[in-house]
Amino acid sequence: MAGILVTVGMGPWVFDRLIRAVEPLCAYHDVFVQTGASPVVPSCPHARWVPLDEMQRRLSDADIVITHAGSTVRLVQRLGRVPIVVARRRSLAETGSDRQEHFLRSEEQAGRVRAVWDASTLPDAVASHTAAAAGLLESRPLPAAISDEALTAALDRVSRRLLGFPGRP
Amino acid sequence: MSGGLRVVIVSGSGGVLLDTLALRPWWQRHDTSWVAVPAADTEIALAGLPVTWQADPPGWPHTVAAVWRAYHHLRRSRPDLLVSAGRRLTVPYFLAARLRRVPAVFVETLTQTSTPCGTARLSARLARVVLVQRPDRVTAHRDAVLVGELY
């Protein structure tokens, strides 16, 4: 039995397809589902909205994270994990753009994700995740995030250029 | 630049919030206030900070009224810079910033790997500078600055 966190993000779009797809996992694993705007109610513990600090704790505690293809992907990767990712589809009215599909394709080619394009295969992806994730962690590097110092310097340069002065006296 | 700027950050929940919070090493050195969409994550993450809570405009027909509100907010707060990572609320604020000649900086999300549409595209066009997190996004905007991955 694995501790599984499922998150669909904080946006206004429903993602019923993913919530329905995790339903079979509820009987075999310790699953918590953040359901967001979706009206679908899973049989496992769930909450519509989860504050950021609680979400970060849940991400750290989970054995496996199943997420939409949003910013959570990087949060999970920064924890040294490999998320299972299902992209929202514009064609299914799950989002307003193709951004998630494009992002997931990009990550699938070079990043530390397990992309699931057919949600009905989610239980299989969970069953094989430990071995698959180990291979991805070994073979695919994660780009470094910018340091605080470099970020501050970059934004200071932008500010100076836009404002033409070094700061309010 | 060791502080002294008045900065207004417009933010929503989810990835937009993460992007704007990731700029903390910079904005905490300035006189920063927020305009944020109320949500479970924004209300907790921004607790204790100066925040004006404002809902997203319910649709494009409401944008004019939203620009009017944003204009008056910027007139009161008199920021040197306006920063946002995108949200429907960003558009009226960036339009108001144009009217008040306040430079706006748009932070493009890491998940943007191709041509943006809708709100993100409009926000990027209204911004003076777009901060991008991917090298291949530099050429996608008129004036882009590569900062790298924020988190």
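Lettering follows sequence order; numbering is per chain, from 1.
Between D156(A) and R29(B) there is a salt bridge, since at least one side-chain N of the basic residue sits less than 4.0 Å from a carboxylate O of the acidic one.
Options G148(B), P116(B), G14(B), A40(B) differ in how many heavy-atom pairs under 4.5 Å they form with chain A, and the most are formed by A40(B). When each of Q100(A), R78(A), E149(A), E54(A) is checked for heavy-atom pairs under 4.5 Å with chain B, R78(A) comes out on top. Across T113(B), D31(B), V16(B), the residue that shares the most heavy-atom pairs under 4.5 angstrom with chain A is T113(B).
With a 4.5 Å cut-off on non-hydrogen atoms, L110(B) touches chain A through its backbone and its side chain both. Heavy-atom distances place both the backbone and the side chain of T111(B) under 4.5 Å from chain A. Heavy atoms of D143(B) lying under 4.5 Å from chain A belong exclusively to its side chain. Of the two parts of L146(B), neither the backbone nor the side chain holds a non-hydrogen atom closer than 4.5 Å to a non-hydrogen atom of chain A. Proximity to chain A is absent for every atom of R121(B), based on heavy atoms less than 4.5 angstrom apart. For I44(B), the part lying near chain A is the side chain, with the backbone staying farther off; criterion is any non-hydrogen pair under 4.5 Å.
In terms of heavy atoms, R134(B) sits closest to S106(A) at NH1-OG, 4.1 Å.
The side-chain heavy atoms of V129(B) and R161(A), taken from C-beta on, include a pair separated by under 4.5 Å. The side-chain heavy atoms of P51(A) and E43(B), taken from C-beta on, include no pair separated by under 4.5 Å. By the 4.5 Å heavy-atom criterion applied to side chains, W26(B) and S159(A) are counted as neighbours.
The line from CG of L163(A) to CZ of R128(B) is 8.5 Å long, rounded to the nearest 0.5 Å.
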